[in-house]
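In what follows, a structure is listed as structure tokens, so that the remarks can point back to it.
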Amino acid sequence: MKAIFGDMNKKQVILLVVLLAFAVIAPQIFTSLFVRNLLILIVIWSILGMGWNVMGGYCGQVSNGHSMYYGLGAYSVGLTLQYFKLSPWIAIPFGMCLAACFAWVIGKPILRLKGHAFAICTMALAECMRYICVNLKFTNGAKGVSMFNKSLNSVLYLQFKDSRIYYYLFLVIMLIVLALIKVLSKRKFFYYLRTIRGNEDAAASVGIDVSKYKIRAYMLSAALVSLGGSLYAQYMLYFDPASMMTLNVSMMIVLVAVMGGIGTVLGPILGAVIIECLSEYTRSFLGKFGGLDMVLYGVLVIIIVLFLPGGLLTLPSKIRDWRSRKNTGVAK
Amino acid sequence: MSKILELNAITKKFGGLVANENVSFDVEEGEIVGVVGPNGAGKTTLFNSISGAFLPTSGTITFNGKDITNLPAHECAKIGIGRTFQIPQSLNEMTVWENVIVGALCHTSNMNEAMHKVNEVLELCGMEKFRDMLAGKLNVAQKKRLEIARAMATDPKLLLLDETMAGLTATERKEAVDLIHKINSMGVAILTIEHNMDVVMSVSNRVVVLVSGRLLMVGSPQEVVSNPEVISAYLGGGSKDESDE
Ligand SMILES: Nc1ncnc2c1ncn2[C@@H]1O[C@H](COP(=O)(O)OP(=O)(O)OP(=O)(O)O)[C@@H](O)[C@H]1O
Ligand SMILES: [Mg+2]
């Protein structure tokens, strides 16, 4: 507990408790399917954002191909159910391990690349994975995987009629991930990642094995995104590679973290709230104008990148700066 | 006294350019050795070879009796070689305290132990007042000091200082000299690249002179400054005072 709340002041703790209380009662207040669906997506995307943030934020290695781990998580619950009737309680951790192993194998060669080269390479790899999944018989090809089965035990197989159960379950999982990130952010591992982001030569000069820590970050990042993918599949009970493993999804994952506050503990959650609200509402109101939602979306991203490069989490301090500047201006 | 560092015929080539050629000398335990030479003499390159940042083209490096020629930089740091960079490589988005703690985590994963070390090092380097400041906000002199602090946090047995005094005012230089003496009195051997001859004379037990990648001479500070070859190399190679960096 102390490791999680230790460095927060009273105000922050109260704010956190209020937000948490709101998160808990939200599905009771909002009864529409639309909002409940939105809430679940926010929780899932928070996990995705936090996962990406380990690699892209803390370690500074921007991956544009995290959709492959998102897909991997979905397939690991979908296919193990289809072929072995495996419970997601086992399949989810299995998928996370698989993602970590996969990240380890491909991380060895691709983590030698830096900056844009790494970003483009991850993007290309994710595209390859999508083609593979679309074309393999084993993965049901473009048809995707359908997991719904009335005869299954709902708790053992995480198939619920009431979407609130998904919400609360995912919320707990998300809070566990959040606590993990919060604790790690004050540990050697994350200090080392931030050092690598800052300067690899300096990192090596204080004894940090740069490639080893990059791989570890990539593995953790992949595992968390896979978790998010598993939860999404479990909630939808249907998915296909064309909706899960696209560049669009990869970029959304990046955006969630960048928009909220890259390399911060709470940034991805804030990012997920904003991005999901934006994209769901714009889609439902503007979707019929064919792509207008994406335009609005793009404009917002540009505004944030231009004026708040540190993400929305830096907005309060920016406002404070601006106010104090204005005040001193008046005093003169 | 035993030798902490032995360089044996170190050569480093960048393509056709020979940055170090057949350089051999050693450093005794607890000694301060100055390295001087005109711009481009290959001083920094030599440091990079010793600290594992580069692999020398040929020759061997022995540290504490162990061959470390092919050891990567992070392993060199672990066995006790600390270094600073000529152009400070501060972690600008992190605070001074955070910059130092990543050094202190070199030999422990325990945060409390590391924090203890940070306090010690910040006090040693006189940087407590900057502890919560972002390293990016420091001036050059402070950044150079932070380089030393970060390296010291790794508990080095040998400290490589690359022009830690360049660009410093006379007062700052004096403080830096004091710091070097303090560090040395803790039993840390120091190899320091320095252009300011007064500083070299006052801190070094011995001085190594590099010219165009080759070792010109090794000797006491007096021997070095009175050597006509050194004088002509400096004048010929373009003498350098502390104002240009
Ligand atoms: N990474 C590199 N690749 C190619 N050439 C290099 C590299 N590093 C150094 N050199 C070259 O090696 C030579 C020696 O450079 P070095 O930086 O070691 O000199 P120096 O003695 O430290 O000079 P200064 O006093 O200016 O710091 C120079 O000609 C330099 O251009
Ligand atoms: Mg140099």
Side-chain angles (χ1 to χ4, degrees), chain A residues 2-4 6-7 9 53 56-62 108 111-112 114 182-217 257-258 261-265 267 308-311 313-314 317 321, chain B residues 47-48 50-54 71-95 97-115 118 121 134-136 143 146-147 149-156 159-160 162:
Chain A
K2 193 162 163 255
I4 298 173
D7 62 334
N9 61 36
N53 202 27
Y58 288 100
C59 193
Q61 312 297 308
V62 171
K108 286 257 160 176
L111 283 170
R112 291 178 190 196
K114 291 194 179 149
K182 179 85 215 292
V183 169
L184 283 178
S185 74
K186 297 282 170 228
R187 291 290 157 86
K188 178 172 178 166
F189 182 30
F190 273 35
Y191 276 115
Y192 272 20
L193 297 188
R194 289 170 62 203
T195 308
I196 291 169
R197 174 177 73 183
N199 191 316
E200 292 189 16
D201 292 328
S205 83
V206 290
I208 300 176
D209 186 342
V210 172
S211 44
K212 183 173 102 183
Y213 277 91
K214 273 190 190 172
I215 287 231
R216 287 188 182 176
V258 171
I262 194 165
T264 59
V265 176
L308 287 171
L313 222 52
T314 58
S317 70
D321 270 10
Chain B
F47 268 28
N48 282 330
I50 298 170
S51 66
F54 293 161
L71 219 56
H74 63 94
E75 300 273 0
C76 288
K78 283 233 157 82
I79 60 168
I81 301 177
R83 74 166 294 181
T84 69
F85 293 90
Q86 181 169 359
I87 300 159
Q89 309 284 315
S90 328
L91 306 161
N92 289 335
E93 290 171 23
M94 292 162 80
T95 64
W97 183 88
E98 288 174 330
N99 267 265
V100 179
I101 202 159
V102 295
L105 287 165
C106 182
H107 298 296
T108 175
S109 299
N110 181 318
M111 291 304 290
N112 288 331
E113 243 172 74
M115 284 183 210
V118 175
V121 170
L134 284 182
K143 277 190 179 174
L146 180 58
E147 289 278 304
R150 190 175 63 206
M152 279 309 289
T154 66
D155 252 334
L159 185 59
L160 309 175
D162 196 345

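Below, all heavy atoms of this structure are taken into account, side chains as well, without hydrogens, waters or symmetry copies. Predicted model, so just to flag it, every value in this text is computed and none were measured. All chains are named by letter (A, B, ...) in the order of the sequence lines, taking the proteins before the strands, and each is independently numbered beginning at 1.
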Tell me which donor-acceptor pairs under 3.5 Å the side chains of residues 199-208 of chain A have, and how far apart each pair is, sequence neighbours excluded?
unit_1    : atom_1 : unit_2    : atom_2 : d
Asn199(A) : OD1    : Asp201(A) : N      : 3.0
Asn199(A) : OD1    : Ala202(A) : N      : 3.0
Asn199(A) : ND2    : Gln89(B)  : OE1    : 2.7
Glu200(A) : OE1    : Lys114(A) : NZ     : 3.4
Glu200(A) : OE2    : Lys214(A) : NZ     : 2.9
Ser205(A) : OG     : Ala202(A) : O      : 2.8

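- Counting heavy-atom pairs closer than 4.5 Å to chain A, the top residue among Ala73(B), Ala153(B), Ala114(B) is Ala73(B).
- Partners of Glu93(B) according to the side-chain contact (heavy atoms from CB on, under 4.5 Å) rule, which considers only residues two or more places apart in sequence or in another chain, are Arg197(A).
- Contacts with chain A were tallied for Arg83(B), Glu98(B), Glu75(B); Glu98(B) has the most, counting heavy-atom pairs under 4.5 Å.
- Of the inter-residue distances, the one linking Leu71(B) atom CG with Ile79(B) atom CD1 reads 5.0 Å to the nearest 0.5 angstrom.
- Residues of residues 105-112 of chain B lying under 4.5 angstrom from chain A, judged on non-hydrogen atoms, are Leu105(B), Cys106(B), Thr108(B), Ser109(B), Met111(B) in numerical order.
- Across every non-hydrogen atom of Pro156(B) and Met152(B), the tightest pair is CD-O, 3.5 Å.
- The OH atom of Tyr191(A) lies 11.0 Å from the CG atom of Asn99(B); values are rounded to the nearest 0.5 Å.
- Considering only heavy-atom pairs separated by less than 4.5 Å from chain B, the leading option among Arg187(A), Arg194(A), Lys186(A) is Arg194(A).
- Taking the side-chain contact (heavy atoms from CB on, under 4.5 Å) definition, one finds that Val118(B) meets it with Trp97(B), Val100(B), Ile101(B), Ala104(B), Leu122(B), sequence neighbours left out.
- Distance alone, capped at 3.5 Å, is enough to place a donor-acceptor pair between the Asn53(A) side chain and the Gly263(A) backbone.
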